[in-house]
S.K.: 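Here it is, the structure in full.
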Amino acid sequence: MSKIDEQMKNLPIKRKMKRSIGIITLIATIIGIILLAGMVYISSNIKGIFEGPMTNISDVGDVKYALTDLQRAINRLIAEGEDVMAANYDTFEKTAETDVEMVKTAVASMDSRFKTEAGRTKLKELEDKIDEGESVRPQLMDLLKAGKADEAYDLNYNTYL
């Protein structure tokens with residue numbers, strides 16, 4: 001028998017129980033700390049998933065919605081006819097401003113989260129198209145306000161050739 005075995009054999013049961021409970025408490029504390037660290041790690045990963053790709057999906061949805069709504073507003077203004085176009089222009093202009101602002105906000109939001117070079121390149125292409133559209137928009141809006149739908153169409157068509 002070794003010296004440690006002999007010492008344990010000679011210890012009273014009360015001391016043996018205290019040591020056993022102490023060791024069990026120490027192991028439980030270590031396991032608890034490891035579990036808490038794991039939960040914090042998982043929590044940060046879930047937050048990263050939500051704030052990254054899921055928010056980008058929402059922003060892409062906002063861009064698609066705004067562009068579709070803007071096209072709907074343009075089509076409606078033109079479909080109502082040139083004779084009432086000037087009268088309906090104020091409603092159209094409010095819709096257009098809201099939609100353009102939604103696109104700009106969504107693109108700015110995506111800009112802070114895109115990490116890959118491919119994603120950043122696509123986003124830059126989108127921003128360039130938005131800038132191109134914004135350079136023509138004042139002229140286009142003036143033509144629509146004046147009821148000149150054909151000229152507005154030509155300007156829009158020639159801009160994106």
Side-chain angles (χ1 to χ4, degrees), residues 22-161:
I23 291 171
I24 290 170
T25 303
L26 179 65
I27 290 172
T29 303
I30 290 170
I31 291 172
I33 290 170
I34 291 170
L35 289 175
L36 285 173
M39 288 192 316
V40 167
Y41 176 75
I42 289 170
S43 174
S44 68
N45 282 342
I46 289 174
K47 184 178 177 183
I49 288 170
F50 178 76
E51 288 181 354
M54 296 305 285
T55 305
N56 286 341
I57 290 170
S58 176
D59 290 337
V60 167
D62 286 348
V63 169
K64 284 183 175 183
Y65 170 80
L67 293 177
T68 302
D69 189 52
L70 183 59
Q71 188 62 49
R72 178 208 51 82
I74 292 169
N75 290 342
R76 183 176 187 168
L77 185 68
I78 293 170
E80 289 174 344
E82 290 185 358
D83 45 321
V84 293
M85 196 176 284
N88 296 333
Y89 179 78
D90 288 339
T91 304
F92 164 73
E93 185 176 37
K94 288 176 189 169
T95 300
E97 292 296 329
T98 303
D99 291 340
V100 169
E101 189 57 38
M102 183 184 284
V103 169
K104 288 180 180 181
T105 302
V107 169
S109 176
M110 286 187 283
D111 189 41
S112 65
R113 282 188 299 282
F114 273 26
K115 304 216 182 314
T116 65
E117 190 59 38
R120 299 212 50 83
T121 301
K122 286 291 183 189
L123 188 60
K124 178 69 174 130
E125 289 175 17
L126 179 60
E127 288 172 336
D128 290 345
K129 287 291 184 187
I130 290 170
D131 291 342
E132 187 177 342
E134 282 300 293
S135 69
V136 174
R137 189 162 68 101
Q139 295 169 297
L140 188 67
M141 298 295 272
D142 288 341
L143 290 171
L144 289 172
K145 187 175 187 175
K148 300 176 182 178
D150 290 335
E151 290 179 43
Y153 175 80
D154 290 340
L155 174 66
N156 189 45
Y157 181 76
N158 292 328
T159 300
Y160 295 106
L161 281 182

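Position 1 is the first residue of the sequence, and the numbers go up from there. Basis for what follows: all heavy atoms, side chains included, without hydrogens, waters or symmetry-related copies.
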S.K.: May I ask you to decide whether Asp128 forms a salt bridge with Lys124, counting only side-chain N to carboxylate O separations under 4.0 Å?
M.R.: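 A salt bridge is present here (some side-chain N lies under 4.0 Å from a carboxylate O).
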S.K.: Can you check side-chain contact (heavy atoms from CB on, under 4.5 Å) on Glu127 and Asp111, steps first, answer last?
M.R.: CA-CA 10 Å; Glu127 288 172 336; Asp111 189 41; 4.1 Å; yes
S.K.: Please report the interatomic distance CG(Asp69) to NZ(Lys64), rounded to the nearest 0.5 Å.
M.R.: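 Going from the CG atom of Asp69 to the NZ atom of Lys64 covers 15.5 Å.
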S.K.: Please report the closest heavy-atom contact between Met110 and Leu123, naming both atoms and the distance.
M.R.: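 Scanning both residues, the minimum pair turns out to be C-CD2, 3.9 Å.
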S.K.: I'd like to know if Glu97 pairs up with Arg137 as an ion pair, taking the criterion as any Lys NZ or Arg NE/NH1/NH2 lying under 4.0 Å from an Asp or Glu carboxylate oxygen.
M.R.: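 Judged by the 4.0 Å cut-off on N to carboxylate O distance, Glu97 and Arg137 do form a salt bridge.
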S.K.: As an exercise, state the distance from OH of Tyr65 to CG of Leu70, rounded to the nearest 0.5 Å.
M.R.: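 One gets 11.0 Å once the value is rounded to the nearest 0.5 Å.
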S.K.: Provide the closest heavy-atom pair for Tyr89 versus Leu144 in the form atom of the first, atom of the second, distance.
M.R.: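 For Tyr89 and Leu144, the tightest heavy-atom pair comes out as CD1-C, 4.1 Å.
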S.K.: Is Asp142 salt-bridged to Lys145, cutoff N-O under 4.0 Å?
M.R.: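 Looking at Lys145 together with Asp142, the answer is no, because their closest N to O distance does not fall below 4.0 Å.
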S.K.: OG1 of Thr121 to CG of Leu126: how many Å apart, nearest 0.5 Å?
M.R.: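 One finds 12.5 Å between OG1 of Thr121 and CG of Leu126.
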S.K.: Nearest heavy-atom pair of Ala66 and Asp99: which atoms, and what distance?
M.R.: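 Nearest pair, atom of Ala66 first, then Asp99: CB-O, 3.4 Å.
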S.K.: Between Pro138 and Glu134, what is the shortest heavy-atom contact and its length?
M.R.: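 Nearest heavy atoms, Pro138 then Glu134: CD-O, 3.2 Å.
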S.K.: CG of Asp90 to OG1 of Thr95: how many Å apart, nearest 0.5 Å?
M.R.: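 With rounding to 0.5 Å, CG (Asp90) is 11.0 Å from OG1 (Thr95).
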S.K.: Pick from Asp59, Val60, Val63, Asp62: which one makes a side-chain contact (heavy atoms from CB on, under 4.5 Å) with Val107?
M.R.: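 Output: one option passes, namely Val63.
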S.K.: Could you tell me whether the side chain of Ser109 and the main chain of Thr105 form a donor-acceptor pair under 3.5 Å?
M.R.: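 No.
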S.K.: Does this structure show an ion pair linking Glu80 with Arg76, if we count only N-O contacts that are shorter than 4.0 Å?
M.R.: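 Yes.
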